[in-house]
Amino acid sequence: MHYAMLLFPGFEALDVFGPLEVLNVLSERTKLHLSLLSTTLDPVSTKSPDPAAHRIGSVCAQEVVPTNTLTDILTAVHAGQTSIDVLLVPGGAGTRFPEIINPVIEFVRGISPSVAHVISICNGAGVVARAGVLDGKRATTNKMLWTKTTALRSEVEWVKEARWVRDGEVWTSSGVSAGIDVALAFVREVYGRNVAGGIAREIEYVWDEEDDGTRDLFASHAV
């Protein structure tokens with residue numbers, strides 16, 4: 001199975017690394033292929049593009065090196081040279097800057113018809129929503145960014161009280177750490193309960209193997 005994680009400047013670190021940790025452990029149990037996609041092959045930083053985030057002068061960011069560009073992958077998919085089974089879309093501060101996120105939205109719009117599963121983490125749901133992928137579907141997103149994100153697309157049936165939501169082959173999760181929950185839920189659906197439970201135990205993550213995603217301690221704090 002081919003997994004692809006989207007990257008853009010100002011992505012949220014745990015949105016990416018949480019699900020990737022699940023995939024790293026999964027790859028020891030079953031064969032998979034992971035691609036890291038961005039507009040170029042240059043390292044992509046978690047550093048926020050918002051100047052206000054740097055007002056106290058901290059130096060604290062991480063970089064990830066992509067394996068493929070958006071253009072190359074889209075061209076290869078349309079030519080029938082490759083396919084993506086699972087597309088993962090993180091959130092982060094970069095989603096608020098059109099010059100950064102518009103190419104990503106266009107990529108999601110172009111690639112989604114050929115992708116078997118789409119999974120968004122945090123306010124990555126806003127990216128998927130703006131690409132039209134969530135129209136007519138139930139979805140959730142980060143509760144700390146609830147009002148701003150849900151306002152991006154009225155055609156979506158936004159579900160406030162949810163750690164994660166599945167509607168068909170589209171999965172959306174709540175804020176940041178919920179990416180681990182939705183990744184485990186996806187693994188449970190595709191590879192089985194024993195595999196998902198084993199991964200949760202190996203990474204020492206407290207996860208209910210019966211969880212249906214409806215329990216959300218942060219929903220009442222949505223803003």
What one should report as the nearest heavy-atom pair of A129 and D135 is O-OD1, 4.4 Å
Between S58 (side chain) and C60 (backbone), is there a donor-acceptor pair under 3.5 Å?
no
Under 4.0 Å between a Lys/Arg side-chain N and an Asp/Glu carboxylate O for D208 and R215?
yes
For S35 and H2, does a side-chain donor sit closer than 3.5 Å to a side-chain acceptor?
yes
T172 versus W164: any side-chain heavy-atom pair under 4.5 Å?
no
Show the numbers, then the answer: is there a side-chain contact (heavy atoms from CB on, under 4.5 Å) between L20 and L36?
CA-CA 10 Å; L20 288 189; L36 304 174; 4.3 Å; yes
Once side-chain contact (heavy atoms from CB on, under 4.5 Å) is applied, do any residues pair with T95, and if so which ones, sequence neighbours excluded?
F8, I101, N123, V127, R130
Taking all heavy atoms of E161 and all of A219, pick out the closest pair and write down the distance.
CA-CB, 3.7 Å
Non-neighbouring partners of D72 that pass salt bridge (Lys or Arg N to Asp or Glu O under 4.0 Å), sequence neighbours left out
none
Sole candidate of T71, V89, T39, L87 that passes side-chain contact (heavy atoms from CB on, under 4.5 Å) when paired with F107:
L87
Residues in side-chain contact (heavy atoms from CB on, under 4.5 Å) contact with E189, at least two apart in sequence or another chain:
R166, W171
Side-chain donor-acceptor contact under 3.5 Å, D212 with T214
yes
Take atom OH of Y205 as the centre, draw a 6.0 Å sphere, and report whether it contains more than 12 heavy atoms from other residues, nucleotides or ligands.
yes
In plain terms, say whether K137 and E169 are close enough for a salt bridge, that is, a side-chain N and a carboxylate O under 4.0 Å apart.
no
With a 4.0 Å cut-off on N to O distance, would you call E202 and R29 a salt bridge?
yes
Do T140 and K160 meet the criterion of a side-chain donor-acceptor pair at a distance under 3.5 Å?
no
NZ/NE/NH1/NH2 to OD/OE distance under 4.0 Å, R163 and D181
yes
